[in-house]
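By convention in this document, chain letters (A, B, ...) are assigned in the order of the sequence lines, proteins followed by strands, and residues within each chain are numbered from 1. Predicted model, so just to flag it, every value in this text is computed and none were measured.
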2 protein chains.
Amino acid sequence: MKIDPRHLEIIAAVVDQGGLTEGATLLGKSQPSVSRSLSMLERRLGINLFQPGRRPLQPTQTCLLLAHEGRKILQAGEAASGVVLHYQRGTNGAVRLAGPPIFMEGVVSGMLASFQSSFPDIRIDQSYCYAAEVFARIESDALDLGIVPVRASEVPDSLIAKQILKGRNVVACRVGHPIARKQAVRLAEIAQFPWIAPPADSPLFHDLRTALESIGVSDIKVGFTGASLSAVINILEGSDALTVLPYSVVFMLRRKKTVDALSIRIGDPDRHLCIVSRRNEVPSPATRRLASFVESEFASFNLLIDRHEQNVVWRS
Amino acid sequence: MKIDPRHLEIIAAVVDQGGLTEGATLLGKSQPSVSRSLSMLERRLGINLFQPGRRPLQPTQTCLLLAHEGRKILQAGEAASGVVLHYQRGTNGAVRLAGPPIFMEGVVSGMLASFQSSFPDIRIDQSYCYAAEVFARIESDALDLGIVPVRASEVPDSLIAKQILKGRNVVACRVGHPIARKQAVRLAEIAQFPWIAPPADSPLFHDLRTALESIGVSDIKVGFTGASLSAVINILEGSDALTVLPYSVVFMLRRKKTVDALSIRIGDPDRHLCIVSRRNEVPSPATRRLASFVESEFASFNLLIDRHEQNVVWRS
DNA sequence: TATCTTCATATCATTAGGTTATGCAATAGC
DNA sequence: GCTATTGCATAACCTAATGATATGAAGATA
């Protein structure tokens, strides 16, 4: 005999409140509704839930047992409401986030770490991919947010991209690199060293070529290729290799005092780091919360960079 | 945001079974019904319970939290079903039982004690009253069962009375009473002793008068009046008083070896002990169980008495 | 690419449950 | 013992959820 859990809730409310009217009030229903629900249930079960003809409604033995179960259901219902409330506040749920590995590892992951400690109940599903795939996955609802360097014209109409960092690349090398000591860097010197190249399909690889072209270097030795920032860093730190990295990534790395940027200005990319999401659909609260967190983190990051810039002279 | 507990059940079932169809089967519903219920809930809550476009339906983070609550509700529902099942088997619930104090205390209470140990979850609400009130209370649904000595003609049409013991009274006295030693009891001797009388409104009082008239005694000394059997016993044991009691009561008391019956036959009452209940209404399972228990106890009690009778000579 | 599995939708019928208004009965108070 | 009050049941009406069957659509798998 399956019983509607709502009926058990009603029983619990009426028993605990000591009356139909009070019980109905607790449940946010009208007294006749509760009365009828109980009558129907009594008839269906063939059980007198309340002693008939008693005015302060007197629960039966069996009714008390059922009320006990009803209380559990009321509690579970409240807990469930709490879950929903948490979700709507954006303090639980999950966000699917993707971006190119260099940016994600170099800049975003640190921000995600502090986000995690503020909102431990939001799960972040992070993956790595480039702009085209990010667009496709967001459009097919396999992704909530993308953090990718893009040109505004690239972004599909169905998506919205908000710029969070101006595109800017630098030549990176290890701290103490022979070329870093020199005041004036000659192009011939740059070309002598081996280079670390990002994967050929990555935007950064494209940036690398155009950047070098912009300073007149056309032919380089590629000593290592890899998509993982940590691999790049390892090579960078342990050799005299050079590479092109986003300035923001090098800026973050500078704290470790193992990697630095050459103070020569290379051509800036026409892609700027954007946070990308669906245009028409309202994102989940957790997604919104993460997005605005990342935006504000980048805002203060920009300030930090600006302040630092005032003390550095870049040669072009 | 109040959530229908049935929806939480559905979530739990679908998550645990790993699919809509299986979940629906568990709940005894059709797959489309479950599908629609979940869709409506998702829209209402504004929460994706399952990742869209995934064929083995993949629950969201929030969905898992809700499923956890749903499981509690499913469990409570099963427990409630168990309660109802118990009730229908008559192994829980409550029975309201009434009868005259002498019979209830002297014979029935012992039976109720063994019933209690067999069915500890059935509560027995016992009270004392005579036939007229028993009838009225059963008819007004303030009582489930009555155990009273009645004439068949007295019983209202709405009630049904099943005889469980033939009416028979005896003169009772303490063991070792002077009159008990004598082979032949003369009427004059009986009249010498003080008598214990039941309350004037009790059937037993009427029996007392007619019984004494039947053996030619018309005038007696009444030394004590009381409705409680234990009070009567106390007086009986501690004095040479006599009284009229149902034979069944004295038969039970004989085990204590303090009270006995005079071996003279007095007029049998025209009331017989019956178990009374409503005729048209189906009694609760617990009521039926108690009624049949009492009936069978009296059946074996009758056998016991019959066997004993073969060894006793009664003088009239 | 084809097929199978699994979920979503359409449509219709049913029914539980929501509301207000009102009747009725049990308790309480005089 | 009579009346007033309180509290529950019933009536009538309506909305909306849910059930069933048939069918469409989209992933997953080979």
Side-chain angles (χ1 to χ4, degrees), chain A residues 1-45 47-60 63 70 73 77 136-137 139-143, chain B residues 1-11 13-45 47-60 63 67 70 73 77 136-137 139-143:
Chain A
M1 178 69 72
K2 168 77 178 160
I3 307 179
D4 190 328
R6 291 177 302 174
H7 290 154
L8 294 173
E9 282 188 339
I10 292 176
I11 291 174
V14 169
V15 167
D16 290 347
Q17 300 297 311
L20 274 195
T21 314
E22 293 84 348
T25 305
L26 180 76
L27 296 169
K29 303 178 191 294
S30 67
Q31 172 264 316
S33 174
V34 169
S35 170
R36 190 180 40 184
S37 294
L38 287 177
S39 302
M40 292 173 66
L41 182 62
E42 279 186 320
R43 188 167 307 169
R44 220 173 319 194
L45 297 179
I47 298 181
N48 272 352
L49 295 172
F50 297 92
Q51 296 187 18
R54 283 296 179 76
R55 209 21 63 108
L57 223 50
Q58 199 104 13
T60 301
C63 180
I73 292 177
R137 287 173 66 190
E139 284 182 315
S140 69
D141 196 23
L143 199 64
Chain B
M1 177 70 72
K2 168 76 178 163
I3 307 179
D4 189 329
R6 290 176 304 173
H7 291 155
L8 294 173
E9 281 188 339
I10 291 176
I11 291 173
V14 170
V15 167
D16 290 347
Q17 300 297 310
L20 274 195
T21 314
E22 293 85 347
T25 305
L26 180 75
L27 296 169
K29 301 179 191 294
S30 68
Q31 173 264 318
S33 175
V34 168
S35 170
R36 190 181 38 187
S37 294
L38 286 177
S39 302
M40 293 174 65
L41 182 63
E42 279 186 320
R43 187 168 307 170
R44 221 174 318 197
L45 296 179
I47 298 180
N48 271 353
L49 295 173
F50 297 91
Q51 297 188 16
R54 285 294 180 77
R55 212 16 66 109
L57 225 50
Q58 199 104 14
T60 301
C63 180
I73 292 176
R137 288 173 65 189
E139 284 182 314
S140 69
D141 196 21
L143 198 64

S.K.: From CG of Asp4(A) over to C1' of dA17(D), roughly how many Å is that when rounded to an integer?
M.R.: 12 Å
S.K.: Let me spell it out: for each of Leu57(B) and Gly28(A), pick the nucleotide of DNA chain C with the closest heavy atom. Which residue's pick is nearer the 5' end?
M.R.: Leu57(B)
S.K.: Just the rounded figure in Å: distance from P of dA16(C) to CD1 of Ile3(A).
M.R.: 16 Å
S.K.: Measure from CG on Leu38(A) to P on dC8(D) and round the result to the nearest Å.
M.R.: 11 Å
S.K.: Identify the two heavy atoms, one from Pro5(B) and one from Pro5(A), that lie closest to each other, and give their separation to 0.1 Å.
M.R.: CB-CB, 3.9 Å
S.K.: So Arg6(A), base contact, sugar-phosphate only, or nothing? Heavy-atom distance under 4.0 Å.
M.R.: sugar-phosphate
S.K.: Considering all heavy atoms of both residues, which atom of Phe50(A) and which atom of Thr60(A) are nearest to each other, and what is their separation?
M.R.: N-OG1, 3.5 Å
S.K.: Rounded to the Å, how far apart are Leu20(A) CG and dT10(D) P?
M.R.: 11 Å
S.K.: If I compare all heavy atoms of Val15(B) with all of Pro59(B), which pair ends up nearest, and what's the gap?
M.R.: CG2-CB, 4.0 Å
S.K.: When the distance from CZ of Arg43(B) to C1' of dA17(D) is rounded to whole Å, what number comes out?
M.R.: 14 Å
S.K.: Do the side-chain N or O atoms of Ser35(B) get closer than 4.0 angstrom to the phosphate oxygens (OP1, OP2) of dC7(C)?
M.R.: no
S.K.: Any side-chain N or O of Ser39(A) below 4.0 angstrom from OP1/OP2 of dA9(D)?
M.R.: no
S.K.: Distance check needed: dA8(C) P versus Met40(B) CE, whole Å only.
M.R.: 14 Å
S.K.: Give a yes or no on whether a salt bridge exists between Glu9(B) and Lys29(B), defined as a side-chain N under 4.0 angstrom from a carboxylate O.
M.R.: no
S.K.: Round to a whole Å and report the spacing from CD of Gln31(A) to P of dT22(C).
M.R.: 15 Å
S.K.: Is the phosphate of dT19(C) approached by Ser30(A) (side-chain N or O, under 4.0 Å from OP1 or OP2)?
M.R.: yes
S.K.: Among dT19(C), dC7(C), dA9(D), which nucleotide has an atom closest to any side-chain atom of Arg36(A)?
M.R.: dT19(C)
S.K.: More 5' along DNA chain D: Gly19(A) or Arg44(B), using each one's nearest nucleotide?
M.R.: Gly19(A)
S.K.: Would you mind reading off the distance between Glu22(A) atom CD and dT6(D) atom P, rounded to a whole angstrom?
M.R.: 12 Å
S.K.: At under 4.0 Å between heavy atoms, what does Thr21(A) touch on the DNA or RNA strands: base, sugar-phosphate, or nothing?
M.R.: sugar-phosphate
S.K.: Is His7(A) near enough to dG17(C) that one of its side-chain N or O atoms lies under 4.0 angstrom from OP1 or OP2?
M.R.: yes
S.K.: Nearest heavy-atom pair of Leu57(A) and Val14(A): which atoms, and what distance?
M.R.: CD2-CG1, 4.3 Å
